[in-house]
Amino acid sequence: MAAAAGAGPYEEMLQVVETCAARIRWRLRPASKRRLLNDILFLCTGLRPVVLVDYGGTMPQLQENLCSLLRHARQETSILNPLRVMIIGDMIYLIHVKGLAEHASPNARSQQRLAFVDLEKSCCSLLTTIEDNDTVLELVSIQDQFAAKFPVDLSVVGPGITKQMSGIPQSTIDAECTDNHVEDRTLLVVDLSTFLENTQIALPSLNGWLLGYPVTYLVRNATFGAGVQNISRHSLHIYRVYVRRSYRSVGKQSEEELMSFSVPCGASTKRDEEVWAKSFIARMNEKLRRCNHVWASIRLEVEVFQSQSQVIDMDVESSPASSRRLGSKRLKKPNTRVTGPEWSK
């Protein structure tokens, strides 16, 4: 009963989101609606700081629908107050401002210690001497920009309760992070496209860190095509992370896919026994313990994806029903939810 009581507000929040989606006439396919509800729950319970929304339409209509959904739903549940729509180029994300602030903080980054696969060099080993890699240094610079944009003290303590947010106008705090209704949908949007101006790093490499994967592929815009060809020649381990709910008001308990990412087999011969994999699951278990009234368990599954001659789609957030986008291109992919750590769900 305690778990049921603790999960109750989140169940109600999901019902509000579903009702509001119908109210604004956002016609989502059942699989897309389930992903949207799961992604929002992952964000609100702290399992993920950022999710890529590549379902439910294309820009600019997708942005309009997300903003309209949040604007309506936040009038009925303050749990959604910390959520924003983030834009980088033509990619659209949902973020939790506190979760992203913590994720981007230098302290969190030093503890996580990302592993890297440099697609310009070897796909069979993880990069260790990151100080000598210009692409990594550029990634660190962009991470610092995120840390400045989302300071840790921008934390939302609870629904409708905020701490002082340094560097942010009080009027913005009142409008965005309290129970006040947000009438101007632009307040919901954070456009960070300028973060990648005058940089060489490709957006998928940024997404590897941004979306919370423990291994990130490094590739620059100038060598992107060669990087795609390089990784397409290697078999991959597909890491799928599943979580199980502690309580569901309707129906049986079921596992939900939290995320999936890939690592070249040659760089992950120990599969789930890799040091980075153990560290990643330990961090995720800690996140589950913080919200055990909602989530009961986590499970890691590893599959092998054999190399094929076709080019693997290298973009973010995968889905069996759609191809992923990168810039203005659409790349075909195999019938498996794959693509590198930063090009997966």
Side-chain angles (χ1 to χ4, degrees), residues 35-36 38-55 62 66 82-105 108-109 111-117 119 135-136 139-140 142-143 145-147 149-150 190 192-193 195-196 201-219 231 236 238-243 256-263 276-277 279-281 283-284 287 298 300 312-319 322 324-327 333 337-345:
R35 281 189 64 188
L36 175 64
N38 283 338
D39 284 346
I40 289 176
L41 189 60
F42 296 152
L43 291 168
C44 291
T45 55
L47 294 191
R48 298 191 72 176
V50 178
V51 296
L52 176 71
V53 183
D54 62 345
Y55 46 87
L62 178 55
L66 281 173
L83 299 193
R84 302 288 184 277
V85 175
M86 184 173 75
I87 307 296
I88 303 180
D90 67 346
M91 307 300 291
I92 186 166
Y93 311 78
L94 273 176
I95 68 172
H96 188 286
V97 288
K98 178 183 178 182
L100 181 51
E102 293 175 344
H103 182 64
S105 69
R109 282 150 47 190
Q111 291 179 355
Q112 293 174 7
R113 296 182 65 85
L114 283 178
F116 298 95
V117 176
L119 296 188
T135 309
V136 175
L139 174 60
V140 171
I142 298 172
Q143 289 173 331
Q145 294 183 66
F146 272 93
K149 180 72 175 180
F150 300 96
V190 182
L192 301 184
S193 299
F195 279 20
L196 291 185
I201 191 171
L203 178 57
S205 291
L206 171 63
N207 283 332
W209 162 72
L210 192 59
L211 296 173
Y213 306 129
V215 179
T216 296
Y217 289 146
L218 295 176
V219 63
I231 191 64
L236 305 173
I238 312 306
Y239 291 81
R240 302 182 191 277
V241 184
Y242 296 94
V243 288
E256 306 293 349
E257 186 173 320
L258 176 66
M259 65 176 73
S260 62
F261 57 91
S262 75
V263 184
W276 58 261
S279 176
F280 170 70
I281 289 300
R283 292 197 305 271
M284 295 308 303
K287 291 183 177 182
I298 186 170
L300 178 64
I312 299 177
D313 170 22
M314 299 178 65
D315 203 343
V316 234
E317 297 295 295
S318 53
S319 146
S322 64
R324 302 283 68 76
R325 298 178 59 200
L326 182 62
K333 68 176 192 139
R337 300 181 66 178
V338 176
T339 52
E342 55 283 18
W343 304 303
S344 305
K345 180 179 185 304

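Just so you know, these numbers use all the heavy atoms, side chains as well, and skip hydrogens, waters and symmetry mates. Residue numbers start at 1 and run along the sequence shown. Just so we're clear, the structure is a prediction, and the values are computed from it rather than from any experiment.
- The closest side-chain heavy-atom distance from I95 to F150 is below 4.5 Å.
- No donor-acceptor pair closer than 3.5 Å links the side chain of S260 to the backbone N or O of Y239.
- Taken from CG in N207 to OH in Y217, the straight-line distance is 14.0 Å, to the nearest 0.5 Å.
- The shortest distance between side-chain heavy atoms of L94 and L36 falls below 4.5 Å.
- Counting only heavy atoms from C-beta outward, the side chains of V117 and V215 approach each other to under 4.5 Å.
- Contact of the H96 side chain with the L83 side chain is registered, since non-hydrogen atoms from C-beta on lie closer than 4.5 Å.
- The two residues K149 and L192 come nearest to each other via the heavy atoms CE-CD2, 4.0 Å.
- With sequence neighbours left out, the side-chain contact (heavy atoms from CB on, under 4.5 Å) criterion links A202 to P204, V219, N221, F224.
- The ring-ring contact (aromatic ring centres under 6.0 Å, His included) check on F146 picks up F195, W209, with sequence neighbours excluded.
- Here the CG-CD1 distance, from L139 to I201, works out to 4.5 Å after rounding to the nearest 0.5 Å.
- Between I88 and L206 there is a side-chain heavy-atom pair separated by less than 4.5 Å.
- We find the CG-NE2 distance between L211 and H103 to be 8.0 Å, quoted to the nearest 0.5 Å.
- S279 pairs by the side-chain contact (heavy atoms from CB on, under 4.5 Å) definition with R283, not counting sequence neighbours.
- Summarising the geometry, atom CZ belonging to F42 is positioned 8.5 Å from atom CE belonging to M259; distances are rounded to the nearest 0.5 Å.
- Considering all non-hydrogen atoms of both residues, A104 and R109 come closest at O-NH1, 3.0 Å.
- The heavy-atom pair separating G89 from S193 by the smallest distance is N-OG, 2.8 Å.
- Put simply, the side chain of L210 reaches to within 4.5 Å of the side chain of L100, judged on heavy atoms.
- Atoms CD1 and CG, from I92 and L66 in turn, are 5.0 Å apart once rounded to the nearest 0.5 Å.
- Evaluation of the side-chain contact (heavy atoms from CB on, under 4.5 Å) rule for R113 yields no partner, not counting sequence neighbours.
- Side-chain N or O atoms of R48 include one that pairs as donor or acceptor with a backbone N or O of L258 at under 3.5 Å.
- At a threshold of 4.5 Å between non-hydrogen side-chain atoms, the residues V241 and F280 count as touching.
- L218 contributes atom CG, which lies 5.5 Å from atom OG1 of T135 (distance to the nearest 0.5 angstrom).
- Scored by the ring-ring contact (aromatic ring centres under 6.0 Å, His included) test, F116 finds no partners at all (sequence neighbours excluded).
- For the pair L62/V53, a side-chain contact is recorded, criterion being any heavy-atom separation below 4.5 Å from C-beta on.
- With sequence neighbours left out, T45 forms a side-chain contact (heavy atoms from CB on, under 4.5 Å) with Y10, L41, L47, C291, V294, W295.
- Residues L52 and R35 approach most closely at O-NH2, 4.4 Å, considering heavy atoms.
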